[in-house]
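After the structure tokens below, expect a handful of questions from me.
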Amino acid sequence: MQPVLLWLRRDLRLADNPALTRALDTGQPVIPVYLHAPEEEAPWFPGAASRWWLHHSLNALSCALTAAGSRLILRQGGSLECLLQLLDETGAGQVIWNRTYEPALIQRDRRIKAALKDRGVRVESCNSALLFEPWTVSNKSGEPYRVFTPFWKACCAKGLPDDVATLPESITAPAHWPVSDDLKQWALLPRISWDQGLAQRWQPGEAGAHHALERFLAHGVLTYKTGRDLPGQPGTSRLSPHLHFGEIGPRQLIRACQRLQQQGIGTEGSTSVAAFIREIGWREFAFHLLFHFPQTPEHPLDQRFEHFPWRKPEDYADDLAAWQHGLTGIPLVDAGMRELWHTGWMHNRVRMITASLLVKNLGIPWQEGARWFWDTLVDADLASNTLGWQWTAGCGADAAPYFRVFNPVLQGERFDGQGAYIRHWVPELEHLPDRYLHAPWTAPASLIPPAYPRPRVDLGASRKTALAAWEQLKEHSRLSPGGSVP
DNA sequence: AGCCTTTTGAG
DNA sequence: TCAAAAGGC
């Protein structure tokens with residue numbers, strides 16, 4: 001019987017996978033394929049941490065498919081060329097996939113869909129990644145939302161989808177399997193092994209995603225509202241990389257939350273679960289914004305910021321390097337940057353704080369931070385990363401106003417009071433008493449650990465400079481709206 | 001989802 | 001005198 005191709009991309013799971021369900025519903029044999037074509041994601045080629053995750057996730061998916069009586073076929077090259085080749089080799093007449101939403105991938109998929117249809121191939125695409133696809137939500141005048149709360153209200157009014165297809169017991173195999181690449185030959189893993197920290201922390205793949213969810217449901221979600229702010233405690237879901245690669249989907253999370261809500265979980269539990277669902281909403285909002293404003297990975301949504309007086313690369317290179325390597329001399333910031341480097345992930349509150357320091361105190365353009373996060377995060381996601389950086393820089397939709405500057409000393413005292421997080425990631429400061437831990441430069445000279453750098457910025461002075469620059473920019477924009485600044 | 005300074009008002 | 005509230009960036 002004529003098989004169908006199931007083209008897997010950011011949907012590396014078997015449960016709640018509409019494209020897989022559709023493929024099974026045809027009653028024909030299914031050939032699952034993953035195509036490696038990183039250049040098609042230009043200019044946002046997958047970063048090193050992301051490639052590490054992809055390698056292990058594909059391994060896991062391949063095992064799961066094998067256990068279900070199927071296989072994962074790997075091919076490298078242009079996606080269209082690979083698909084045509086596979087259609088030719090297998091005699092398949094239909095391709096099914098789940099949609100992606102990054103600008104470059106939308107273009108590619110559109111091109112491929114048209115080319116396949118031209119050749120008489122049946123093509124079908126589904127939604128696995130989102131509760132609401134970006135073109136299905138708009139305000140009364142038909143415009144995309146630019147503010148989160150009304151956006152999310154409109155989503156909730158539609159009803160959050162929680163319909164989840166059951167896990168297939170087996171997947172019908174074709175009479176003949178096409179040959180597959182050997183995953184190792186794609187060289188997704190780093191050549192020098194800096195990845196032990198990642199391997200220790202993460203279990204990529206669908207099973208790992210469900211372990212992470214179970215842990216969170218049992219230990220984090222009921223205290224999420226306050227627990228998520230404490231970087232020294234595992235109070236967040238840590239699902240972001242699993243979500244990015246589609247090892248688990250938002251509908252599954254909504255369903256799990258609704259099950260919890262039906263049990264008696266008390267007021268704190270209930271508001272905590274609601275807070276978590278709201279975070280899923282921010283993820284949806286990020287996709288909404290990226291789809292409707294595809295220039296935002298590179299350009300600020302608020303055009304006034306095109307003329308912001310950022311420092312120049314030759315002036316900030318040393319500060320940028322110090323920030324990247326966790327050597328700014330500001331403990332909470334260095335702790336976060338080192339957590340990122342060692343585990344490919346950073347606690348959300350610390351992301352806001354490290355980003356604020358880069359953009360506001362160091363005067364470095366947010367795009368530099370976005371690029372570094374892109375390369376080092378295992379959860380690097382163009383939509384979420386763009387929203388996060390523009391939020392911090394104050395130039396995005398519903399962003400934090402520019403004048404909101406985080407003070408990493410105060411934030412440390414407030415959210416890492418006992419210093420568990422800082423001491424874990426900045427061992428030079430292990431023995432510094434709590435009262436000096438967040439600002440070692442205020443300690444008596446005899447207590448300051450010589451191995452730890454002096455702070456690279458004066459937090460108070462740089463804050464003033466940043467606010468003054470913002471006031472001036474506003475003034476210029478008022479005088480010459482949309483125009484250039486002298 | 002902030003910080004800093006000034007003002008207010010109870011004691 | 002000091003904590004809380006308010007106001008500006």
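This one's a predicted model, so the numbers in the text were calculated from it and none came from an experiment. Quick note on labels: first sequence line is chain A, next is B, and so on, each numbered from 1.
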- Task: Can you see which heavy atom on A/V273 is nearest to which on A/C257, and at what distance?
- Result: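 Taking A/V273 first and A/C257 second, the nearest heavy atoms are CG1-CB, 3.7 Å.
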- Task: Can you tell me which residue pairs pass the salt bridge (Lys or Arg N to Asp or Glu O under 4.0 Å) test with a partner in residues 131-151 of chain A, sequence neighbours excluded?
- Result: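 Residue pairs with at least one partner in residues 131-151 of chain A: A/R99-A/E133.
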- Task: Just jot down the salt bridge (charged side-chain N to carboxylate O under 4.0 Å, His left out) partners of A/R238, sequence neighbours excluded, or say none.
- Result: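 Applying salt bridge (charged side-chain N to carboxylate O under 4.0 Å, His left out) to A/R238 gives none.
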Which donor-acceptor pairs under 3.5 Å do the side chains of residues 399-412 of chain A make with protein atoms, sequence neighbours left out?
from, atom 1, to, atom 2, distance (Å)
A/N407, OD1, A/V409, N, 2.8
A/N407, OD1, A/L410, N, 3.4
A/Q411, OE1, A/R349, NH1, 2.6

Can you pull every protein N or O that's under 3.5 Å from an N or O on nucleotides 2-4 of chain C?
none

Side chains of residues 364-373 of chain A: which donor-acceptor pairs under 3.5 Å do they make with residues two or more places apart or in other chains?
from, atom 1, to, atom 2, distance (Å)
A/Q367, NE2, A/E298, O, 2.9
A/E368, OE2, A/Y316, OH, 2.5

- Task: Check salt bridge (charged side-chain N to carboxylate O under 4.0 Å, His left out) between A/E413 and all other residues, then give those that pass, not counting sequence neighbours.
- Result: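 Counting only residues at least two positions away or on another chain, A/E413 forms no salt bridge (charged side-chain N to carboxylate O under 4.0 Å, His left out).
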- Query: Touch check for A/R414, heavy atoms < 4.0 angstrom, all strands: base, sugar-phosphate only, or nothing?
  - Reply: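 Here A/R414 touches the backbone only, sparing every base.
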- salt bridge (Lys or Arg N to Asp or Glu O under 4.0 Å) pairs, two or more places apart, involving residues 240-268 of chain A: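 Residue pairs passing salt bridge (Lys or Arg N to Asp or Glu O under 4.0 Å), neighbours aside: A/D16-A/R251.
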Atom pairs, protein N/O to nucleotides 7-9 of chain C N/O, distance under 3.5 Å:
from, atom 1, to, atom 2, distance (Å)
C/dC9, O3', A/E471, OE2, 3.3

- Give the first and the last nucleotide of DNA chain B, reading 5' to 3', that has any atom under 4.0 Å from a heavy atom of chain A.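 On DNA chain B, the outermost contacted nucleotides are B/dA1 to B/dC4.
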- With sequence neighbours left out, which residue pairs that include part of residues 250-285 of chain A fulfil the ring-ring contact (aromatic ring centres under 6.0 Å, His included) condition?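 Those involving residues 250-285 of chain A are A/F148-A/W282, A/F148-A/F285, A/F151-A/F285, A/F216-A/F276, A/Y224-A/F276, A/W282-A/F285.
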- Item | Under the salt bridge (charged side-chain N to carboxylate O under 4.0 Å, His left out) test, residues paired with A/E430 that sit two or more places apart |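 Counting only residues at least two positions away or on another chain, A/E430 forms no salt bridge (charged side-chain N to carboxylate O under 4.0 Å, His left out).
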- Output all residues satisfying salt bridge (charged side-chain N to carboxylate O under 4.0 Å, His left out) with A/E471, sequence neighbours left out; order by chain, then residue number.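 For A/E471, the residues satisfying salt bridge (charged side-chain N to carboxylate O under 4.0 Å, His left out) (neighbours in sequence not counted) are A/K474.
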